[in-house]
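Here's the structure, in structure tokens; my notes come after.
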Amino acid sequence: MTDTAKCTIRPWRLEDAADLAQLLNNKNILNNLRDGLPYPYTKKDGEDFISSMRSADPTKTFAFAITADDKVAGSIGVFRCDNIHSRTAEMGYCIGEPYWGKGLGTSAVKQVCNYIFEHTDIIRIFAEPFDYNAASCRVLEKAGFHLEGILRKNAVKNGRVLDMKMYSLVKEEMGMQVIDYYNCDRQEHWLEQIKKSDWAAGQFLYELLNENRFKNTVGEKSKVLLLVNGDELVSFCTYAEKDDIQPTELTPWMGFVYTFPKYRGHRYMEELFLEVERLAKAEKVHDVFISTGHTGLYEKYGCEFYQMMDDMSGESARVYRKHID
């Protein structure tokens, strides 16, 4: 199984043991994993692990080598829980240090989740990275996982008491993707979906798009981002040069932020925030701004209150800032 030629996941082979040992005989890897792996990590340790995975119950253990050019670059596994949680599974993975920063982790996670949801009755996959492991958290976020919460003081590793993060992906979310309204097929379909929003600002966005006034209003480089699930529109927002806070030199803005009622309560908007972050990084932008009348809505996405400002109608609005690392 392959994703964008970055890597392949396949069943373990005994002859992979030497490559696996070379990757895991590294404190930088082991420091981000649970305890129990030997150090130094030898070829014999690799053989024992591979043998145990190959002989495990195939309805409960789904273990794969992550390979690049058929050379082992990492390990990934999904392990079914039991009792009332039997349709939930925990995922663990590691990427060898020489392969860090190449997108292999995200590719492998997507592949294994697709496999599990397609070939088993598992409906939820979760992972618990250490809170400090930003790279692993980013892998999960890019693969579509949602942060459910912080597991406070949940582990003791190397003598330190650590928080962990709980991420999960459920089966029906696998079809979700973020698309750009101006660079997608079926614009008329998505325009009609926006029109169905029960929000005055959503109706205004529909009018701007339908009358081809959107870019003239908020800037030629502005985008309309849609989080879609098959034919359904889940959420939408804009990434624009201007907002209704005028005049101001602040830019860019995330606006028209909306999630349809049936999808609320699941933090799906996080997918749009991640896409806005990606766009901002590509433009070397360090801050994105949001104006709102709400309190407590955007803080959970990492935004901080910036200041009160007046909009074009003279009404006061709360302006938030999302800092882009």
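Hydrogens, waters and symmetry mates play no part in the numbers below; they use all other heavy atoms, side chains included. Along the sequence shown, residues carry numbers from 1.
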**Report entry** Over 12 non-hydrogen atoms of neighbours within 6.0 angstrom of NE2 in H189
**Finding:** yes
Report task. Treating Ile, Leu, Val, Met, Phe, Trp and Tyr as nodes and any side-chain heavy-atom pair under 4.5 angstrom as an edge, say whether L147 and M166 lie in one connected cluster. Result -> no
Query raised in the report: Charged N to carboxylate O under 4.0 angstrom, E148 versus R124?
Result: yes
**Report entry** N-O pairing of K44 and E47 below 4.0 Å
**Finding:** no
**Report entry** Other residues, nucleotides, ligands: >12 heavy atoms within 6.0 Å of M312 CE
**Finding:** no
Query raised in the report: So does E232 pair up with K262, basic N to acidic O under 4.0 Å?
Result: yes
Query raised in the report: Are M269 and F289 co-members of a hydrophobic cluster defined by side-chain heavy atoms under 4.5 Å apart?
Result: no
Query raised in the report: Y182 ring centre to K215 NZ or CZ under 6.0 Å, with the angle to the axis within 45°?
Result: yes
Report task. May I ask you to check if K27 and Y39 form a cation-pi contact, with NZ or CZ under 6.0 angstrom from the six-membered ring centre and within 45° of the axis? Result -> yes
Query raised in the report: Is it true that R80 and D121 have a side-chain N and a carboxylate O under 4.0 angstrom from each other?
Result: yes
Query raised in the report: Of the options F126, F273, Y268, which is the one that meets H146 in a ring-ring contact (aromatic ring centres under 6.0 Å, His included)?
Result: Y268
Query raised in the report: So does Q307 have more than 12 non-hydrogen atoms from other groups sitting under 6.0 Å from CD?
Result: yes
Query - Salt bridge flag under 4.0 Å for residues D70 and R10 - result: yes
Requested in this report: With R160 as the cation and F130 as the aromatic partner, state whether NZ or CZ is under 6.0 Å from the six-membered ring centre and within 45° of the axis.
Outcome: no
